[in-house]
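First comes the structure, then the notes that go with it.
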2 protein chains.
Amino acid sequence: MTPTIKDVAAHAGFSIATVSRAINAPHTVNPVTLAKVREAIDALKFHPSPFGRQLRGERTRLIGVVLPTLANPVFTECLQGIDELAAAQGFRLMLMTTLYEEQRERRAIETLRAQRVEGLILTVTDADTHPLLDDLDDNGPLYVLMHNDTKQRPSVSVDNHEAASEGVRMLIAHGHRRILMLAGSLSASDRARQRHAGYSHAMRQSGLIPAPALEIDFNADELAPSVLAHLTSGPQRPTALFCSNDLLAMVVMRGLRRVHMRVPQDMSILGFDGLAVGELLAPPLASICTPNRAIGRSAWQRLMARIGGEHASETLGFTLPHTLREGGTIAAISNAPLVHAVHTARDGDDVDFP
Amino acid sequence: MTPTIKDVAAHAGFSIATVSRAINAPHTVNPVTLAKVREAIDALKFHPSPFGRQLRGERTRLIGVVLPTLANPVFTECLQGIDELAAAQGFRLMLMTTLYEEQRERRAIETLRAQRVEGLILTVTDADTHPLLDDLDDNGPLYVLMHNDTKQRPSVSVDNHEAASEGVRMLIAHGHRRILMLAGSLSASDRARQRHAGYSHAMRQSGLIPAPALEIDFNADELAPSVLAHLTSGPQRPTALFCSNDLLAMVVMRGLRRVHMRVPQDMSILGFDGLAVGELLAPPLASICTPNRAIGRSAWQRLMARIGGEHASETLGFTLPHTLREGGTIAAISNAPLVHAVHTARDGDDVDFP
DNA sequence: CTGAAAGCGCTAACAA
DNA sequence: TTGTTAGCGCTTTCAG
């Protein structure tokens, strides 16, 4: 079927060794011979099989990318960054998604390992407690986490805790006091938990009482009644929502529109991720922006450095700067002065609104 | 470094053939032996190298996916569909992007061919005139186009001409007469041209005069002055814009907001692609919706059918149904009755507004 | 400068 | 049931 080096050799009238040299070390073969071999290669449309080569222990130039989902642009934006550098540097990308399921994460890593990828870029559910990552540390391949914010492992991320704090402080500066955090599924994401911790920190700094994050069903067309109850419960209702990511923020805003709450007049919204589409919304979505493509590119560079022999410790908890996009979804509100009475709030307390 | 079948054989005290059988045909080996071999495999964390296998001519279970860009969700939505089935069926995906550049399209195909992919799913700039596709037809691998709407080659798409016509008829039914089509770059996409033809057809059907598509720079933050001039030129300005894709529509809407034109009060907008995010906008983006994930899944199924031996002719120009999303970006306008005087307009004429 | 031959990891006859 | 061996496409000594 596909021509092999033998076919080329026969066609050109030389040995397979000469053909191999013509391909891999052209300067070592007689120009006339070289020309004939090249002619044969073209005539047969020969492409050296990577398998023969890799069997000899050559590099695969193959990198595995493991993402939770392609439905959230935050990951495809990262993937774009990765793809840019991979293409430029002649690497191939093998892509797998996990839907945040541990079993699929496991299977993806197994599959990619079996393919002999030279390295792995991945976003996992929970970086610190993940047994698979210990396995990767021990048995390879080399990897870099992306968007998992941990000091324990090679990773590229923003400082989720600090970024969330800043965002919430900004809300507070705009006069908000009753600020609620919404998350897709806290248990599914270390990032969501870190962001909630940042939220809690900022709240306490201002003498406010943080509330537990409210979990939202991403896929539902409408907000659940229990959620709506939280958002619309009279004078003590929150005036601002901090959403653990932009996609969630957009889903929530749709839900609010359906019950005729206006953003930002009736409710301010702050997202997290800085999705490109957020800027295209009307009003533009306020967000704590992570530089997603840069994170992808940086993860690639850290991985290449590791492959080049750099020690893992050099890449532990690599942090990129975040920025605040103060979009139109946040309204300033006039408010009673800060209630400094609530000094009993301690770190670790997560109490509901009174 | 990584253990081989030999290491396992030595560790277990059997021959490599037995190990191979233990892996590939467990029922043909003595249970006791099997147990020992498996123990050795676990102990050494052995994973059979795909190269040895594939060298033997086995299937690679590798599919190449070639997309113009990951920046437009229409493609990542398709990719999601592909990924769903690929994962379920135990195939691996190799991903490359082309940025609509012929040279990168060529390189992607070469690379994937060299990797011995069993098939290719791709979206190209122009399906009918593409020399690379003739090459694929002649020399493999098997492929299916995605979103390229052509009867000449294996492809999965919607009927762009008909879909665009319907969309424009809907605008006309809402009272619009001066309808302009906007495109990213007509020359870069056969789809944009087909959609423009559909637009022209619908306009003429109603006795209206189609205008040439106006090309928009996707990446500019603001609309070009020449474009704005077209959109705001006094009483003859268009009342509705048909954008060749949703991402463009969103960019255009942002441009309009910047010059204080309101959507839909001052300008109606119709997109094409049915991006999921479009539904999250306020107001929701009206769009001619292509079932992107289904297109991805369908392309996968057609490809598998071809790999399974089905003839290419079975998959030529496979068309999926589109739907119309009459979102909030379209306003009905009262208007003078249809001007049926313009019967001189013929197919093929593309004249500007008078 | 070129060719013969070994060997990479694996599977599949064929033998035992 | 298990082992021996040839060979998949390629690169790389080592001779010539």
Side-chain angles (χ1 to χ4, degrees), chain A residues 1-41 44-62 110-111 113-118 140-141, chain B residues 1-41 44-62 110-111 113-118 140-141:
Chain A
M1 175 65 238
T2 28
T4 76
I5 199 171
K6 271 190 187 168
D7 302 319
V8 176
H11 191 277
F14 291 91
S15 72
I16 60 168
T18 299
V19 175
S20 177
R21 277 188 293 259
I23 294 168
N24 300 298
H27 55 280
T28 70
V29 2
N30 186 311
V32 182
T33 309
L34 185 58
K36 287 185 186 166
V37 171
R38 289 199 165 145
E39 198 181 341
I41 288 178
L44 300 178
K45 297 180 199 283
F46 168 72
H47 303 274
S49 159
F51 308 125
R53 291 183 156 171
Q54 286 156 2
L55 204 44
R56 302 288 326 227
E58 313 255 310
R59 301 184 52 181
T60 60
R61 296 188 82 76
L62 193 60
E110 285 310 312
T111 303
R113 204 200 314 258
Q115 293 293 314
R116 304 297 194 263
V117 296
E118 291 187 28
Chain B
M1 177 62 243
T2 28
T4 77
I5 198 172
K6 271 190 188 169
D7 301 318
V8 177
H11 191 277
F14 291 93
S15 73
I16 61 169
T18 299
V19 175
S20 178
R21 276 189 294 259
I23 295 168
N24 300 298
H27 56 279
T28 69
V29 2
N30 185 311
V32 182
T33 309
L34 184 58
K36 287 184 186 166
V37 170
R38 290 198 163 146
E39 197 180 342
I41 288 177
L44 300 178
K45 298 180 197 283
F46 167 73
H47 303 274
S49 160
F51 308 125
R53 290 183 158 171
Q54 286 156 2
L55 205 45
R56 301 280 331 202
E58 313 254 311
R59 301 183 51 181
T60 60
R61 295 187 83 76
L62 193 59
E110 284 310 311
T111 302
R113 205 203 309 263
Q115 293 293 313
R116 304 297 193 265
V117 296
E118 290 186 29

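Quick caveat, the model's predicted, so the values are computed rather than measured. Side chains included, hydrogens not; waters and symmetry mates left out as well; all remaining heavy atoms used. Residue numbers start from 1 in every chain, and the chains themselves are labelled A, B, ... in the order their sequence lines are given, proteins ahead of strands.
A straight line from CD1 of A:Ile23 to P of D:dG9 spans 14 Å, rounded to a whole angstrom. Counting to the nearest Å, the C1' atom of D:dT2 and the CG atom of B:Leu34 are 13 Å from each other. Atom P of nucleotide D:dT1 and atom NZ of B:Lys36 are separated by 15 Å, given to the nearest angstrom. Spacing between atom CZ of A:Phe51 and atom P of D:dC10 amounts to 11 Å, rounded to whole angstrom units. C:dT11 atom P lies 14 Å from atom NZ of B:Lys6, rounded to whole Å.
Rounding to the nearest 0.5 angstrom, the gap separating the CD1 atom in B:Ile23 from the CZ atom in B:Arg53 is 6.5 Å. Rounding to the nearest 0.5 angstrom, the gap separating the CD1 atom in A:Ile5 from the NE2 atom in A:His47 is 14.0 Å.
The pair A:Glu118-A:Arg59 counts as a salt bridge, with a side-chain nitrogen and a carboxylate oxygen less than 4.0 angstrom apart.
Heavy-atom neighbours of B:Glu110 CD from other residues, nucleotides or ligands within 6.0 Å: above the threshold of 12.
Considering only side-chain atoms of B:Thr33, the nucleotide from D:dT1, C:dT11, C:dC10 that sits closest is D:dT1. Residue A:Phe46 places its side chain closer to D:dC10 than to any other of C:dG9, D:dT2, D:dC10. Comparing C:dG9, D:dT2, C:dT2 by their nearest atom to the side chain of B:Val29 picks out D:dT2. Closest contact between the side chain of A:Ile16 and the listed nucleotides D:dC10, C:dC10, D:dT1 involves D:dC10. For A:Asn24, taking side-chain heavy atoms from C-beta onward, the closest of the listed nucleotides C:dC10, D:dT11, D:dT2 is D:dT11. Counting only heavy atoms from C-beta on, A:Thr4 has its side chain closest to D:dC10 among C:dT2, C:dC10, D:dC10. The A:Ile5 side chain lies nearest to D:dG9 when the options are D:dT2, D:dT4, D:dG9. Here the side chain of A:Arg53 is nearest to one of C:dG3, D:dT2, D:dC10, namely D:dC10. When the nucleotides D:dG9, C:dC10, D:dT2 are ranked by their closest atom to the side chain of B:Arg21, D:dT2 comes out on top.
At a threshold of 4.0 angstrom between heavy atoms, the contacts of B:Ser15 include nucleobase atoms, whether or not backbone atoms are also involved. Residue-level contact check: B:Ser20 touches the bases, meaning some heavy atom is under 4.0 Å from a base atom.
Nearest approach of A:Thr33 to A:Thr18, heavy atoms of both residues: CG2-CG2, 3.7 Å.
If you find the closest nucleotide of DNA chain D to B:Gly52 and to B:His27, the one lying nearer the 5' end belongs to B:His27.
Using a 4.0 Å cut-off, some side-chain N or O of B:Thr18 falls inside it from OP1 or OP2 of D:dG3. For A:Thr28, no side-chain nitrogen or oxygen approaches OP1 or OP2 of C:dC1 to under 4.0 Å.
Side-chain atoms of A:Arg116 stay outside donor-acceptor range of the base of C:dG9, with no qualifying N/O pair under 3.5 Å.
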